[in-house]
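So you know, we letter chains A, B, ... as the sequences are listed, proteins then strands, and number each from 1. Being a predicted model, the structure only gives us computed values, none of them experimental.
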Amino acid sequence: MDEVVRTIDLTRHFGKMVALDNVNITIRRNEIFGLLGPNGSGKSTLIKILSTLLLPTSGDAYVLGYNVKTDYMEIRKRINIVAGDDRPGYGSIKVKENLWFFSQLYGYGVREGWKVVNSLIEEFGMQDYADRKLNRVSSGMFQKYNFVRGILNNPKLLFLDEPTVGLDVEISREIRNYVKSWIKRDPERTILLTTHYMIEAQELCDRVAIIYKGKIVKVDTVENLLKLVSGEHIFEIKTNFILNDCLEDIKKIQGVKGLYSDSDVSTGIAKLRIVMEEEGPIADILSLLKERNIKVLALSKEEPNLEDVFLYLVGSKLR
Amino acid sequence: MIREIFKTAYARAYVRIKGVNSDVTHFIIDIGLPLIGLSAILLAYKSLNAPSQFLAIAAIGGAMMAFWYNVLWGMASQFYWERETGNLPLYISSGAPMPGVLLGMALGGAVNMTIRAVGVLLATVYLFGIKLYTSEIVPAFFLFLLTLFALYSLGMIFASSFLRFGRSVSKINELLGEPMLFFSGVYFPVKVFPFAIQLIVSLIPLALGIEGMRELMVFGNSPLQILWIYIVLLLLGIVFFYIATKMIKYMEERGKTTGTLTLKWE
Ligand SMILES: Nc1ncnc2c1ncn2[C@@H]1O[C@H](COP(=O)(O)OP(=O)(O)OP(=O)(O)O)[C@@H](O)[C@H]1O
Ligand SMILES: [Mg+2]
């Protein structure tokens, strides 16, 4: 079974809303497959269908060869889900008791469950807070606990729905490292990861599907996706406060293929990322900024990342 | 399959019993507050020089009252909260039998409440010098178990079907709270109701259980005289339990179609 997931014209409506629109993807064994898309693009909806919590409106989906509509019990034995914005478990009992509880749902025996839980607690360095009540742990500890819960049943397919959302850099990195080493240890394991952090997709995923408004725009390896914009020139300009119509004027300059900006309200500094076919227009941009009395604080040439790919393919920004 | 159900139930009950009893102050509050409410009634009866049987009637009803609240707040609205935290989708996608989860919630709740109810009853017996017949204690205990079986099976139906009320579930609970206690005759014998109402009331497990226990422990009647109560409770329990397992299945299917299985803040 080299095809862990296959969807055929998979579509899901919510009323008139089309959350997934004729999605056709395959996920291969032992890969980390990423779904990259902005809020509301249908990432979680796809996960819910594949994890048998939601039925498609039309089309089909197979997980490990089983049909999600009919063979869902077979699928459930072999999957698990970790969603970054959920808080599963019970706050008034200990972290390790929560893990044991889930081990029972996953079919371990009473004592076998404790054994598995205790060894995972050790492996993940959770001894410090395994005896703390779940409602007393930090969000970083919680996410680690939730990840351990997610691998407790040794799933063949693990769904990670924005597993690092809201976590600081340090803990996010720790979780990403767990993900990498977990999948490496067994060739039967496969991961479907959703994120809207492009660094996460770039660092973890073997292949990435770019999803936008329920449609799969492109599926390829990170490397190949980056090649799409390798011919482009990417600049980052830091300025003080900048108005929207000025951004619109920059977009109109010949040779500018895309632009997105982030402004930091607390410092008043705006960061513009500009994708261009050639380097020439940068001079025009700088003179335009000067005309408008906008101070340029820094200018740098950047390596393309997935965010630029997204911009290039969809024409709007990821976040 | 049966083994799976009991295993799941055991784990779910464990969590519930551990969780509720991890704080001693909660335990004291859980016994103390009902005791105050019940004491008010008992003092009123006492000051009116009511026959001592009246006090016993109220004490049994008052101790049983907590079970009804537990069914509402610990069962009926439970899945709403479990969905908010993300537990419910994980239960379902784990493949563990959902009737086992329901059963575990019920068992855990029943054990927790029994400890408290016994506490309340013993306290009133001691404080108000209430006399109860103890010669039929074993049949009374058996009746008590049957009452819980029927009552919590009803709770399991609520747990699955109330998911569709979303956050209004707390209003529904309030609506079911006092009226049901009233018709169960917590502080008075249901015989005061007209016969037609008594018939309907006899379908409420709590009312039946309270009535039966009074017959045994207050009036010293024999279990044979109230055999019908045993039978009705048993039948109710079986029927309710069966409906509950169908209901949870239906709820899951419906949720998968409408998308409400994972919907938050509904
Ligand atoms: N149960 C539901 N009922 C109605 N609409 C829903 C439901 N679940 C999702 N939607 C809608 O479907 C669309 C896709 O939502 P989905 O949660 O899949 O997006 P997402 O890509 O996971 O977004 P995010 O990055 O914010 O998590 C959204 O417009 C959302 O409002
Ligand atoms: Mg999502």
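Residue pairs meeting the salt bridge (Lys or Arg N to Asp or Glu O under 4.0 Å) criterion with at least one partner in residues 101-113 of chain B, sequence neighbours excluded, are absent.
Checked for salt-bridge contact, A:Glu174 and A:Lys144 meet the test: a charged N lies under 4.0 Å from a carboxylate O.
Both the backbone and the side chain of B:Ile92 come within contact range of chain A, with heavy atoms under 4.5 Å apart.
Per-residue heavy-atom pair counts under 4.5 Å with chain B were compared for A:Ile75, A:Leu55, A:Leu53, A:Leu54, and the maximum is reached by A:Leu53. Chain A forms the most heavy-atom pairs under 4.5 Å with one residue out of B:Ala11, B:Ala96, B:Gly95, and that residue is B:Ala11. Ranked by non-hydrogen atom pairs under 4.5 Å with chain B, the options A:Ile79, A:Leu105, A:Ile49 are led by A:Leu105.
Remark: aromatic rings of B:Phe144 and B:Phe67 are close, center separation under 6.0 Å. Checked against the 6.0 Å centroid threshold, A:Tyr178 and A:Phe124 count as a close aromatic pair.
Listed for the A:Asn24 side chain is a donor-acceptor partner under 3.5 Å among the backbone atoms of A:Asp9. No side-chain donor-acceptor contact under 3.5 Å links A:Thr195 to the backbone of A:Glu200.
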For chain A and chain B, what donor-acceptor pairs lie under 3.5 Å, backbone included?
residue: A:Arg12; atom: NH1; partner: B:Thr257; partner atom: O; Å: 3.0
residue: A:Arg12; atom: NH2; partner: B:Thr257; partner atom: O; Å: 2.7
residue: A:Leu55; atom: N; partner: B:Lys256; partner atom: O; Å: 2.9
residue: A:Tyr72; atom: OH; partner: B:Lys249; partner atom: NZ; Å: 3.3
residue: A:Tyr72; atom: OH; partner: B:Glu253; partner atom: OE2; Å: 3.4
residue: A:Arg76; atom: NE; partner: B:Ile92; partner atom: O; Å: 3.4
residue: A:Arg76; atom: NH1; partner: B:Ile92; partner atom: O; Å: 3.4
residue: A:Arg76; atom: NH1; partner: B:Glu252; partner atom: OE2; Å: 3.1
residue: A:Arg76; atom: NH2; partner: B:Glu252; partner atom: OE2; Å: 2.9
residue: A:Asp86; atom: OD1; partner: B:Lys264; partner atom: NZ; Å: 2.2
residue: A:Arg87; atom: N; partner: B:Thr85; partner atom: O; Å: 2.9
residue: A:Gly89; atom: N; partner: B:Asn87; partner atom: OD1; Å: 2.6
residue: A:Gly89; atom: O; partner: B:Asn87; partner atom: ND2; Å: 3.2
residue: A:Tyr90; atom: OH; partner: B:Arg12; partner atom: NE; Å: 3.3
residue: A:Tyr90; atom: OH; partner: B:Arg12; partner atom: NH2; Å: 3.4
residue: A:Tyr90; atom: OH; partner: B:Glu82; partner atom: OE1; Å: 2.7
residue: A:Tyr90; atom: OH; partner: B:Glu82; partner atom: OE2; Å: 2.8
residue: A:Tyr90; atom: OH; partner: B:Tyr91; partner atom: OH; Å: 2.1
residue: A:Glu97; atom: OE2; partner: B:Lys18; partner atom: NZ; Å: 2.9
residue: A:Gln104; atom: O; partner: B:Lys7; partner atom: NZ; Å: 3.4
residue: A:Tyr108; atom: O; partner: B:Lys7; partner atom: NZ; Å: 2.7
residue: A:Lys133; atom: NZ; partner: B:Ser22; partner atom: OG; Å: 3.4

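The environment of B:Phe6 atom CZ is sparse: at most 12 non-hydrogen atoms of other residues, nucleotides or ligands sit within 6.0 angstrom.
A:Arg6 CZ to A:Ile27 CD1: the interatomic distance, rounded to the nearest 0.5 Å, is 11.5 Å.
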